[in-house]
Asks: 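Please see the structure below; I have some questions.
Quick caveat, the model's predicted, so the values are computed rather than measured. Letters go in sequence order (proteins before strands), and every chain restarts at 1.
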Amino acid sequence: MPQGGGPLPPPKRPKLASATAPLGSAPRRAMLLAAPGPKRHTAPASSAGSSSGLDSQRRSLPIFQARGTLLGQLRSLDCAVLIGETGSGKTTQIPQYLYEGGIGRQGIVAVTQPRRVAAISLATRVSDEKKTELGKLVGYTVRFEDLTSEETKIKFLTDGMLLREAIGDPLMAKYSVVILDEAHERTIHTDVLFGVVKAAQKRRKELGKSPLKIIIMSATMDVDLFSQYFNGAPVLYLEGRQHPIQIFYAKQSQSDYLQAALVTVFQIHQEAPPPQDILVFLTGQEEIEAMTKTCRDIAKHLPDGCPQMVVMPLYASLPYSQQLRVFQTAPKGYRKVVLSTNIAETSITIAGIKYVVDTGMVKAKKYSPESGLEVLAVQRVSKAQAWQRAGRAGREDSGLCYRLYTEDEFEKFDKMTIPEIQRCNLAGVMLHLLALRIPNVLTFDFMSKPSPEALQAAVEQLALLGAVERKDDQLILTPLGRKMAAFPLEPKFSKTILMAPKFHCTEEILTIVSLLSVDSVLYNPPSRRDEVQAVRKKFISSEGDHITLLNIYRAFKNISGNREWCKENFVNSRNMMLVSDVRAQLRDICIKLSIPLESSRSDTGNIRRCLAHSLFMNTAELQADGTYATTDTHQLVAIHPSSVLFHCKPACVTYNELLHTNKCYMRDLCVVDADWLYDAAPEYFRRKLRAAKN
DNA sequence: TGACCTGAC
């Protein structure tokens, strides 16, 4: 099993905080990690101490020494790239320095975050440090929550929120500075924002308006790319407070990473004193549940003198109450072992982790524009991801990371994870860019360009939905497309809502679309499968998953949505609450757009007709041999086991998405009439038929 | 016939 290796070579990084480095001298990311910083609270954050304590804490941050130099630089620059290790305090301090230094006072300083919790907790922290009430000088805006006012000068928001704001204000006129934080994560929203803020800055300059300052903040990665993209912007380095991490590699290549993980966990467990906790990175729910069971079984029969063990699974679809357990400290004499997906890489930070076991594997989505297929596959992590995982071991003290692959194997990993924008369907992004009135969306200035095929496929999908048209060789939004862009939804779902009045079922479609646009409300613990099936029976509709979900939502509303009911019915109450919020938001947008709101009540036929008319490009038909083939490209597909139609064989179905895992599965199915499809898009099917003949 | 990495508007 993994042995040897040894500590990492000493880090080569620039010494001085805020020294300007020439291009191309990116620091090597070797030594990692972190001090307890005021960021990424997922566990309930305790309120900070006395205000004088806060002041001294602010002054003791490494960044404080560099304050003067930093302000001098930022004052004169249009764009800057700021590289700071975790614990440098950059996210909480830079916005305050700018404000205190009178930079950008004529407008608001925006700080974006990929996650809601981060935006909220950072705003809370900074308003505490400024000794002001949250929502006054310092505020935040995330979906469903806007805690800002006329006085707000420092505003934390999710990157998706800033992007949505930009539709109404492409010049971002109210902002004087935009800080894009966690840029190295390269979420799809951050990547689109790069181009949008760059365009806004340029346009404001051309129009002689007040300048827009752009600051990109990142961990020590991708510096050259960021700097080049922002016209050679200078790179400023900040020191963090980091604890050393020792890295151990496997001596030999491991054929079975699960077995290797198991052996490593128990080897650590027998040798290390408690309560030093272990975090293991695995790939998915099923694997984690199985490994949890195995570990618990083995832990029952440990030799005398060996500490006890508590084993906890962690993945996103786990109910919130169970997720919270990973934050509890293990009882005395026990060691905590957390088995997690990549949710523990960035979204959830667990205190007290001393050991990280990295299988080097991750389950991730890829998108193939040729087939239009999303492929979910277990694959190797990137080097950057492996460093991120290792870093989770040293948040309070020095740590150890066991990599279940050899150093040679590691060297062959990709340097960076492919940015999301190159891995997903771009229809939503294209619609958003068109709504921003970007002159030519096909040549939009992306930092990492998606393939021309992916861009083309997205535009074709929008054309099929009737959202775009060509005018004087320019692609523009149709009136329908503009309405679609008003909804925070995938374009096909926006279209479904806009079709609903024709079928007098807008209320029901709003419910269904809301249910489909958040994480599943259904909780399926593998160990209690029979129970789940039994309680779910009463909701199941032979018409498919959409109507079944509608039944569940109606039942939830009938008992006015209590938690107990959710628990009994294996419904994720947190996601169900979110569905209510989303639905209310979508309904408001409908009212603003003067869309008539009618209910079809018990007439589910109309609902299914509406779905057929908007999802006609996502349909499959039963073949003579009992398999399914998609109507458009005759791709062989199968009904996903999670569907209520799994054991049925309807002649014709629409589906929300295809997902390729072991097979090519249709997910979320609705039984439809083949005739409806032809009525919905006669031209489309005539074209497909012609293409099939040739 | 047998299964869903993670965020976000």
Side-chain angles (χ1 to χ4, degrees), chain A residues 40 42 112-119 141-146 157-167 182 185-193 281-290 314-318 340-348 361-366 374-379 381 385 388 417 420 423-424 428-429 431-432 435 485-491 493-494 514 517-520 522-526 529 532 578 581-582 585-586 589 625-628 636-643 645-649 656-657 659-663 665-668:
Chain A
R40 289 188 194 139
T42 303
T112 70
Q113 294 293 316
R115 284 167 292 279
R116 292 167 55 94
V117 275
T141 306
V142 297
R143 191 179 190 181
F144 309 124
E145 262 184 279
D146 182 7
L157 68 177
T158 46
D159 44 19
M161 201 67 217
L162 184 59
L163 209 48
R164 188 135 291 270
E165 276 189 6
I167 292 183
E182 310 282 14
E185 287 189 24
R186 303 296 302 274
T187 70
I188 194 157
H189 289 149
T190 317
D191 262 40
V192 177
L193 267 180
F281 284 101
L282 296 165
T283 67
Q285 172 180 343
E286 208 176 72
E287 190 174 279
I288 286 168
E289 290 292 350
L314 179 63
Y315 46 87
S317 62
L318 198 67
S340 175
T341 61
N342 46 1
I343 193 172
E345 267 172 30
T346 49
S347 304
I348 289 180
M361 307 305 281
V362 67
K363 197 179 277 189
K365 227 179 234 178
K366 291 184 282 193
E374 288 182 327
V375 183
L376 187 61
V378 171
Q379 48 200 303
V381 297
Q385 225 173 339
Q388 178 68 28
T417 309
E420 203 184 355
R423 284 188 288 127
C424 61
V429 169
L431 184 67
H432 205 119
F487 291 94
L489 292 169
E490 275 182 58
F493 290 149
S494 312
S514 303
S517 73
V518 305
D519 288 337
S520 177
L522 307 178
Y523 174 54
N524 299 312
R529 198 177 291 174
V532 175
L578 190 59
D581 289 344
V582 171
Q585 186 187 30
L586 300 179
I589 297 170
D625 65 356
T627 64
Y628 282 86
L636 181 70
V637 291
I639 299 177
H640 195 276
S642 66
S643 171
L645 297 177
F646 182 59
H647 294 282
C648 311
K649 292 240 180 266
N656 282 344
E657 60 171 5
L659 185 67
H660 195 107
T661 50
N662 291 329
K663 270 188 196 169
Y665 286 113
M666 302 178 274
R667 291 213 299 189
D668 299 312

Asks: What is the glycosidic conformation of B:dC4: syn, defined as within 90° of 0, or anti?
Replies: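 Base orientation: syn.
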Asks: Using a 4.0 Å heavy-atom cut-off, write out nucleotides 4-9 of chain B from 5' to 3' as B (base contacted by protein), S (sugar-phosphate only) or - (no contact).
Replies: BBSBSB
Asks: Mind checking if A:H647 touches a base, just sugar-phosphate, or nothing, with heavy atoms under 4.0 Å?
Replies: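 Base contact.
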Asks: Under the side chain to side chain contact (heavy atoms under 4.5 Å, CB included) rule, collect the residues that match up with A:L314, sequence neighbours excluded.
Replies: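 With sequence neighbours excluded, A:L314 shows a side chain to side chain contact (heavy atoms under 4.5 Å, CB included) to A:Q323, A:V326, A:V338, A:S340, A:I343, A:A344, A:I348, A:I350, given in chain and number order.
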Asks: If the condition is ring pair (Phe, Tyr, Trp, His ring centres under 6.0 Å), which residues does A:Y523 pass it with, not counting sequence neighbours?
Replies: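 A:Y523 satisfies ring pair (Phe, Tyr, Trp, His ring centres under 6.0 Å) with no residue once adjacent residues are dropped.
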Asks: Please name all residues satisfying salt bridge (charged side-chain N to carboxylate O under 4.0 Å, His left out) with A:R667, sequence neighbours left out, ordered by chain then number.
Replies: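 Testing A:R667 for salt bridge (charged side-chain N to carboxylate O under 4.0 Å, His left out), a comparison that skips the adjacent residues, returns A:E657.
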Asks: Test of understanding: with salt bridge (charged side-chain N to carboxylate O under 4.0 Å, His left out), list the residues that count as partners of A:K366, not counting sequence neighbours.
Replies: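 With sequence neighbours excluded, A:K366 shows a salt bridge (charged side-chain N to carboxylate O under 4.0 Å, His left out) to no residue whatsoever.
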Asks: Ring pair (Phe, Tyr, Trp, His ring centres under 6.0 Å) with A:H432: which residues, sequence neighbours excluded?
Replies: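 Testing A:H432 for ring pair (Phe, Tyr, Trp, His ring centres under 6.0 Å), a comparison that skips the adjacent residues, returns none.
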Asks: In whole Å, I'd like the distance from the CG atom of A:D668 to the C1' atom of B:dA3.
Replies: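 Spelled out: CG on A:D668 to C1' on B:dA3 is 13 Å.
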